[in-house]
Amino acid sequence: QQQQQQQQQQQQRLRLQQRPQRASGGMEAREQLLQAALVGSLLSAVGDLVIVHGLWAMGRPAWVTYHRLLMAMSVADLVVSVFYALGDVLMPPPAGSGSMATCRLQGYFLQVSLAVPLLNACLALNYVLVLHYRWNNERLRGTAEPLMLWAVAVLTLVFAIIPLPLDLYNDADMWCWISDRPRLCSLPDSGVPCEAGQRVGVARLGLYYIPLWIAIFVTVGIMIYLVAVTFKHDKRMSRIDGLQTVNQGKYNNTQRMLRQASLYCAAFVLTWIFLSIMRFRQAFDIESSLRFQLTSTVFVTLQGFFNMLIFLLPRVTQAAGFPAASMRVKFLYVMSLRSQDDLHESAARYTGGASSEQKPTSTSFEEAGASRSEDLRTAETEQTQSAATPRAAHHELVET
């Protein structure tokens, strides 16, 4: 009877080993998913490196809270992208060429990727504090910034350390993450006792997906609120006769920052929306097609690449203001390898004289938020003064 039980367990283990291959469409589909993750991870790593270099070229004294949050997000995503790119290399045999120690290492750092969504939520909070509540850099750096960074660090470490004593970092098909051992033993019809991860679904939900979805809802909610109050402010400004006295440069800078914040939010949602849909489908036993799995795998590894496009957008806009400059100098300027003076020199060289382009003016991050209320107060004052003059003339005429 013991021999029969051992044979049955061995047969069930073999079926479990073959089951994920059938669920994902076979070994060929698994290789396609790994290649998609590799391409997305490399693009994201390149984007993170471009952001890190661009911020470093600015110089740390010029940083504000936005730059430090973006730097922390890029470094965290860069580390995670490396472990995504390694794929199944760190998994123990026969799936990979690593060991259980390297498997736990990969699982730990993939769990650390939770820091990126949390930092996205902090970035949205930073935008609303600056643009709506008019916090300056000193106030942010003294109160909100340390709280945000410490909260992200503590939560990320707690959620990444909890699976270690529970032995939850195991073979998760394409890489090591929170999983059961042996693979899929936690399914009701597996018939194989689990060595670890009996309730892996609850562990994934509580340690990763619930914090991820909370970060998404917080980020989207903050951006909806920020857009709503900005629209209300603009509508109020349009009814004031003294609108021509408003500092148009600061107002335009606020609009640019609002667009940038919206783009960061959109990139964040786009990164995780396909994976979230796939997890919801799995919860209701709805199988996703290979094309949808490939889309989810690519987008979940592209966060750094999307951030790079948004980070470079202001420099692309500035370079477009120098049509006479060479494309090489423009590209190097966008990549933070040339200064704005190089753009002027290139434009002057091609036009045969001094460059006619003007340096684009820029307002500091915290000044843009304060300008909204200052503009509104200035316009209201102008309107009050302009309305008082006809009334005084009318009273003089009545007295006469």
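Throughout, residue positions are numbered sequentially from 1 according to the sequence presented.
Using a 4.5 Å heavy-atom threshold, the side chains of Asp171 and Trp175 count as separate. Counting only heavy atoms from C-beta outward, the side chains of Phe311 and Phe306 never approach each other to under 4.5 Å. The closest side-chain heavy-atom distance from Gln35 to Val39 is not below 4.5 Å. Looking only at side-chain heavy atoms (C-beta outward), Leu155 and Pro211 stay at 4.5 Å or farther from each other. The shortest distance between side-chain heavy atoms of Val112 and Val79 does not fall below 4.5 Å. Annotation: side chain of Leu149 is in contact with side chain of Leu119 (closest heavy-atom distance under 4.5 Å). The shortest side-chain heavy-atom distance between Arg338 and Phe331 does not fall under the 4.5 Å cut-off. Within the 4.5 Å cutoff, side-chain heavy atoms of Tyr127 are placed close to those of Gln260.
Of the possible donor and acceptor atoms, one in the side chain of Thr297 sits under 3.5 Å from a partner among the backbone N and O of Gln293. When atom types are taken as modelled, the side chain of Arg181 and the backbone of Gly197 share no donor-acceptor pair closer than 3.5 angstrom. Without hydrogens or angle criteria, Thr156 side chain to Ala153 main chain gives no donor-acceptor distance under 3.5 Å. A distance-only check finds a donor-acceptor pair linking the side chain of Ser74 to the backbone of Leu70 [under 3.5 Å]. Judged by distance alone, with hydrogens and angles left aside, the side-chain atoms of Gln32 form no donor-acceptor pair with the main-chain N or O of Leu294 at under 3.5 Å. Between the side chain of Asp48 and the backbone N or O of Val75, no donor-acceptor pair lies under 3.5 Å. In this structure, the side chain of Ser41 engages the main chain of Ala37 through a donor-acceptor pair within 3.5 Å. A donor-acceptor contact shorter than 3.5 Å is absent between the side chain of Lys330 and the backbone of Leu343. A donor-acceptor pair is defined here as one N or O able to donate and one able to accept, closer than 3.5 Å; no such pair exists between the side chain of Gln318 and the backbone of Val334. Without hydrogens or angle criteria, Asp180 side chain to Ser186 main chain gives a donor-acceptor distance under 3.5 Å.
Rounded to the nearest 0.5 Å, atoms CZ (Arg349) and CG (Asp342) are 8.5 Å apart. For the atom pair CD of Gln303 and OG1 of Thr301, the computed distance is 10.5 Å after rounding to the nearest 0.5 Å. Taking OG of Ser81 as the start and CG of Leu43 as the end, the distance is 9.5 Å to the nearest 0.5 Å. Taking CG of Leu123 as the reference point, atom CE of Met223 lies at 9.0 Å (rounded to 0.5 Å). The structure places CG of Leu313 at 10.5 Å from CZ of Arg256, a figure rounded to the nearest 0.5 Å. Of the inter-residue distances, the one linking Met335 atom CE with Leu332 atom CG reads 9.0 Å to the nearest 0.5 angstrom.
The hydrophobic cluster containing Val158 also contains Leu114, counting ILVMFWY residues as joined when their side-chain heavy atoms lie under 4.5 angstrom apart, directly or transitively. Leu147 and Trp63 fall into different hydrophobic clusters, defined by Ile, Leu, Val, Met, Phe, Trp and Tyr side-chain heavy atoms under 4.5 Å apart, directly or through other members. Put simply, Ile224 and Met257 are part of the same group of oily side chains (I, L, V, M, F, W, Y) that touch within less than 4.5 Å, one to the next. Hydrophobic clustering (ILVMFWY, side-chain heavy atoms < 4.5 Å, transitive): Val52 and Met73 are in one cluster. No continuous path of hydrophobic side-chain contacts links Met91 to Leu105 [ILVMFWY only; heavy atoms under 4.5 Å].
Screening residues 71-100 for disulfide (SG to SG under 2.5 Å) gives no qualifying pairs among residues at least two apart or on separate chains. Sorted by first and then second residue, the salt bridge (Lys or Arg N to Asp or Glu O under 4.0 Å) pairs involving residues 68-88 (not counting sequence neighbours) are Arg30-Asp88, Arg68-Glu145. Among residues at least two apart or in separate chains, disulfide (SG to SG under 2.5 Å) pairs with a member in residues 74-141 are Cys103-Cys176. Applying the disulfide (SG to SG under 2.5 Å) rule to pairs touching residues 191-233 yields Cys185-Cys194, sequence neighbours excluded. Applying the side chain to side chain donor-acceptor pair (under 3.5 Å) definition to pairs two or more places apart or across chains, none involves residues 89-102.
Summarising the geometry of Met278 relative to Ser288, their closest heavy-atom pair is CG-OG, 3.4 Å, with the distance given to 0.1 Å. In this structure, Gly40 and Leu302 approach most closely via the heavy-atom pair O-CD2, 3.7 Å. The two residues Ile210 and Gly206 come nearest to each other via the heavy atoms CD1-CA, 4.4 Å. Across all their heavy atoms, Arg204 and Ala172 have their closest contact at NH2-CB, 3.9 Å. Leu337 and His53 make their closest contact through CD2-CE1, 3.4 Å (heavy atoms, listed as atom of the first residue, atom of the second, distance). Annotation for Leu34 and Gly87: closest pair CD2-CA, 4.2 Å, computed over non-hydrogen atoms.
Scored by the ring pair (Phe, Tyr, Trp, His ring centres under 6.0 Å) test, Phe280 finds Trp213 as partners (sequence neighbours excluded). Not counting sequence neighbours, the partners of Val300 by the side chain to side chain contact (heavy atoms under 4.5 Å, CB included) test are Trp272, Leu275. Scanning for side chain to side chain donor-acceptor pair (under 3.5 Å) contacts around Arg279 gives Tyr209, Gln282, with sequence neighbours left out. Contacts of Arg104 classified as side chain to side chain contact (heavy atoms under 4.5 Å, CB included), with partners at least two apart in sequence or in another chain: Met100, Asp167, Tyr169. With sequence neighbours excluded, the residues satisfying ring pair (Phe, Tyr, Trp, His ring centres under 6.0 Å) with Tyr225 are His132. Remark: Phe83 pairs with Phe109 by the ring pair (Phe, Tyr, Trp, His ring centres under 6.0 Å) rule, at least two apart or across chains. Residues meeting the ring pair (Phe, Tyr, Trp, His ring centres under 6.0 Å) test with Tyr208, sequence neighbours left out: Trp177.
No more than 12 heavy atoms of other residues, nucleotides or ligands sit less than 6.0 Å from atom CZ of Arg141. No more than 12 heavy atoms of other residues, nucleotides or ligands shown are found within 6.0 angstrom of CZ on Phe217. Annotation: Arg199, atom CZ; neighbour count of heavy atoms from other residues, nucleotides and ligands within 6.0 Å does not exceed 12.
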- [ ] List the steps, then state whether side-chain contact (heavy atoms from CB on, under 4.5 Å) holds for Ile222 with Leu125.
- [x] CA-CA 7 Å; Ile222 288 176; Leu125 180 61; 4.2 Å; yes
- [ ] Could you walk me through whether Phe292 and Ile277 pass side-chain contact (heavy atoms from CB on, under 4.5 Å), step by step?
- [x] CA-CA 10 Å; Phe292 195 86; Ile277 293 174; 3.7 Å; yes
- [ ] Determine, step by step, whether Tyr108 and Ile161 satisfy the side-chain contact (heavy atoms from CB on, under 4.5 Å) criterion, reporting the C-alpha distance in whole Å, the side-chain angles of both residues, the deciding distance to 0.1 Å, and the verdict.
- [x] CA-CA 8 Å; Tyr108 176 84; Ile161 290 174; 4.2 Å; yes
TODO: Under the side-chain contact (heavy atoms from CB on, under 4.5 Å) rule, what do Val80 and Leu110 come out as? Steps first, then yes or no, please.
DONE: CA-CA 6 Å; Val80 173; Leu110 291 186; 4.3 Å; yes
